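Here's the structure, in structure tokens; my notes come after.
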Amino acid sequence: MKNQEIAKILFEISEYLTMKDEPFRPRAYSRAAESVDALDQDIEKIYKTGGLAAVEDVPGVGVSIAEKIEEYLKTGKVAYLEELKKKTPVDVSGLSAIEGLGPKKIQKLYKELKIRTTDDLLKAVIAHKVRDVEGFGEKTEENIFKGLQFLKESGGRYILGFVESQIEEIRKRISALKGIKKVEIAGSARRRKETIGDLDILALVEDGDDDTAAAMDYFVSMPEVTRIYSRGTTRSSVRLKDGMDVDLRILNRSSYGAGLLYFTGNKDHNIELRKIAIRKGLKLNEYGLFRRDKEREIKIAGATEEEVYQALGLPYIVPEIRENSGEIEAAIQGNLPKIIGYHDLLGDLQIQTNWTDGENSIEEMAEEAISMGYKYILITDHSKRLTVASGLDEKRLAEQGKEIDRINRRLRDKGYDFIILKGVECDILKDGSLDLADEALAELDIVGASVHSYFNLPAADQTERIIRAITNRNVDILFHPTARVINQRKGIEVDMDAIIKAALQTGTTLEIDAYPDRSDLSDEHIRKCVDIGVKLSIDSDAHLKRHMRYIHLGISQARRGWAKRSDIVNAWPVERLLRSIKKD
DNA sequence: GCCGTTTTCGGCCCGACTGTTTTCAGTCG
């Protein structure tokens, strides 16, 4: 599906046009970008079945943009964008990734200091040249420096949820090749880390079948490949257009499990396993588990991961917790937790609709939830402070409640075992008070509260602010507790231990926000919550129907934090959820 | 450049916040 690629191009055009001080056209392009990004159907399919006219039916897309989409689908390029880039040869998307830098400032830096790339910018910042440009100053220069540092630290990592469909597509294509029996993704993607550095693909061929040339030929000549690092019979390595490095390794059946284990990692987990092997007089490597018998090595396991673990005297350890952070000790002692499964959730507790900044109606989101097998959802539109999202005030919130009642009646009449719960995503104000009146919040089934402003308060103030908010007896869940956006913004600085403690005392649930670039709470914080018994929820934070499908990423995150079904409130039936969540 | 009509062109989301200014531009959501 090329929707995201096209959205990115349209957005880039919008930024160039903003730099040129064009009125309105930038807005038209970014609106079209958002709209294409939000589309349920494949834009290529729309074009192929309905032609240009069908593309023009996409909201925000008119004749001119439709033609550019057509051009991209046919040629993989948009001449208009190439032209803009030629006129202003600046890495806009790279530079605007820096928090606080937008097209206007980028334009100014290019004009005054000839800055084109983040490298140029870093040099200028170090030489203290930026502070002298009109409209900039010491503080801005410092913020740019921090932004560059942050990008460098997080840089080069891809957000799993955003690259997953591309990865799956490559996996499928390789699976279909002749002689390939099975293809799996290993590495940090298989451990379900929130970001991945590169991609390890493992392919299985039958023992004795060493004709891997066709598979390797295909791999290094895939359309998305821009550079071939190496091409061999068992391993090839390439770089994709978007910068990601990908390895393909071909394994035989007899060593497939050992290879999968080895390439899944993490490294420390593997090292621990090898130590166990040594203690048992065995040797573990990527080809199998071996016993030395006189002068010969005899393979005693290797075809599957399960048999390798078993031969080491261990139960199977799921990839999500292979981090050498206590899982091996727990496995030895028979204390591995029964972590939550991918089909254990009964509902989703953070969903935005077109009452505020969501795309779809309450009813559409409910239908999507029903099709996913859920029993309930909580509608949590924004509160009034978030004016751009046309956040709800007390009056509209009450109106929304009535609408939810009507839809619930309709769903019941249709015979669905499903309920829409009334909620809100209420802004936490600077001092920790809430954006909506207590009486309005008290009317709702479940209240979520979250931070969308003042991200830079000192840790002590920020912690106090959050604790004050969750101490309000109407607040049931703290949404995306650290407010981080991966590759964009660090989380707020808080004493998370103090917040987790306060959550325990007040009976507040902390959220695991599954949206790919949030993934908030992190695995590490989840584990702390699980250890002391703080309740958790796993929510999609969906602004469109499609976003609800990101929920599996939140489940991965929970699994990485060792959470059991009993720790997750939306894995509970609705009666128990409502009984337990309110702290009266 | 798109949309929605007032069918041929005028209006387009906007408030909070930051850092720069000394009254405001740029960025973010």
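All of these numbers come straight from a predicted model, not from anything done at the bench. A, B, ... follow the sequence lines: proteins, then strands. Residue 1 opens every chain.
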Item to complete: Under the side-chain contact (heavy atoms from CB on, under 4.5 Å) rule, collect the residues that match up with A:Lys85, sequence neighbours excluded.
Response: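 side-chain contact (heavy atoms from CB on, under 4.5 Å) check on A:Lys85 returns A:Glu12, A:Tyr16, A:Leu81.
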
Discussion item. Holding to side-chain contact (heavy atoms from CB on, under 4.5 Å), I want the full list of residues that pass it with A:Lys545, two or more places apart in sequence or in another chain.
Written reply: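 Partners of A:Lys545 under the side-chain contact (heavy atoms from CB on, under 4.5 Å) test: A:Asp40, A:Asn360, A:Glu364, A:Met365, A:Glu368.
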
In whole Å, I'd like the distance from the [atom1] atom of [X] to the [atom2] atom of [N].
| X | N | atom1 | atom2 | result |
| --- | --- | --- | --- | --- |
| A:Asp357 | B:dC14 | CG | P | 16 Å |
| A:Lys139 | B:dC17 | NZ | P | 16 Å |
| A:Leu429 | B:dA16 | CG | P | 12 Å |

Practice prompt. Look at the side-chain N and O atoms of A:Asn143 and state whether any lies under 4.0 Å from the OP1 or OP2 oxygen of B:dT18.
Written response: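 No, outside the criterion.
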
Review item, side-chain donor-acceptor pairs of residues 433-443 of chain A, under 3.5 Å, at least two apart:
from: A:Ser433; atom 1: OG; to: A:Asp431; atom 2: OD1; distance (Å): 2.6
from: A:Asp435; atom 1: OD2; to: A:Ser383; atom 2: OG; distance (Å): 2.7
from: A:Asp435; atom 1: OD2; to: A:Lys384; atom 2: N; distance (Å): 3.1
from: A:Asp435; atom 1: OD2; to: A:Arg385; atom 2: N; distance (Å): 2.6
from: A:Asp438; atom 1: OD1; to: A:Asn472; atom 2: ND2; distance (Å): 2.9
from: A:Asp438; atom 1: OD1; to: A:Asn474; atom 2: ND2; distance (Å): 3.4

Fill in: Nearest-angstrom distance, P atom, B:dC13 to B:dT21
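It comes out at 31 Å once rounded to the nearest Å.
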
For residues 103-111 of chain A, run the donor-acceptor check on the side chains, cut-off 3.5 Å, and write out each pair with its distance to 0.1 Å, sequence neighbours left out.
from: A:Lys104; atom 1: NZ; to: A:Asp21; atom 2: OD1; distance (Å): 3.1

Fill in: B:dC24 pairs with, by Watson-Crick or G-U criteria that keep both distances under 3.5 Å
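For B:dC24, the partner nucleotide comes out as B:dG19, under the 3.5 Å rule.
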
Fill in: Min side-chain heavy-atom separation A:Arg192-A:His552 under 4.5 Å
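Yes, at least one pair of side-chain atoms sits under 4.5 Å.
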
Worksheet item: Looking at residues 102-120 of chain A, who's got a heavy atom less than 4.0 Å off DNA chain B?
Response: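 Residues of residues 102-120 of chain A under 4.0 Å from DNA chain B: A:Gly102, A:Pro103, A:Lys104, A:Lys105.
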
Worksheet item: Which ones in residues 6-21 of chain A lie close to DNA chain B, meaning a heavy atom under 4.0 Å from one of its atoms?
Response: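 Residues of residues 6-21 of chain A under 4.0 Å from DNA chain B: none.
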
Worksheet item: Considering only side-chain heavy atoms of A:Thr140, which listed nucleotide, B:dT20, B:dG1, B:dA16, is closest?
Response: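 From the listed options, B:dT20 comes nearest.
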
Going by the rule side-chain hydrogen bond (donor to acceptor under 3.5 Å, both in side chains), which residues pair with [X] if we only count those two or more places apart in sequence or in a different chain?
| X | value |
| --- | --- |
| A:Thr195 | A:Arg157 |
| A:Thr356 | A:Asp381 |
| A:Ser35 | none |

Item to complete: Scan for salt bridge (charged side-chain N to carboxylate O under 4.0 Å, His left out) pairs involving residues 347-359 of chain A, sequence neighbours excluded, and state none if there are none.
Response: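 Qualifying pairs: none.
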
Fill in: Sugar-phosphate, base or nothing in reach of A:Pro59, heavy atoms under 4.0 Å
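Touches sugar-phosphate only.
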
Using atom names, set out every protein N or O paired with an N or O of nucleotides 7-13 of chain B below 3.5 Å, distance rounded to 0.1 Å.
from: B:dC13; atom 1: N4; to: A:Arg27; atom 2: NH2; distance (Å): 3.4

Worksheet item: In chain order, what residues pass the salt bridge (Lys or Arg N to Asp or Glu O under 4.0 Å) check against A:Arg406, with sequence neighbours excluded?
Response: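 Salt bridge (Lys or Arg N to Asp or Glu O under 4.0 Å) list for A:Arg406, sorted by chain: A:Glu403.
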
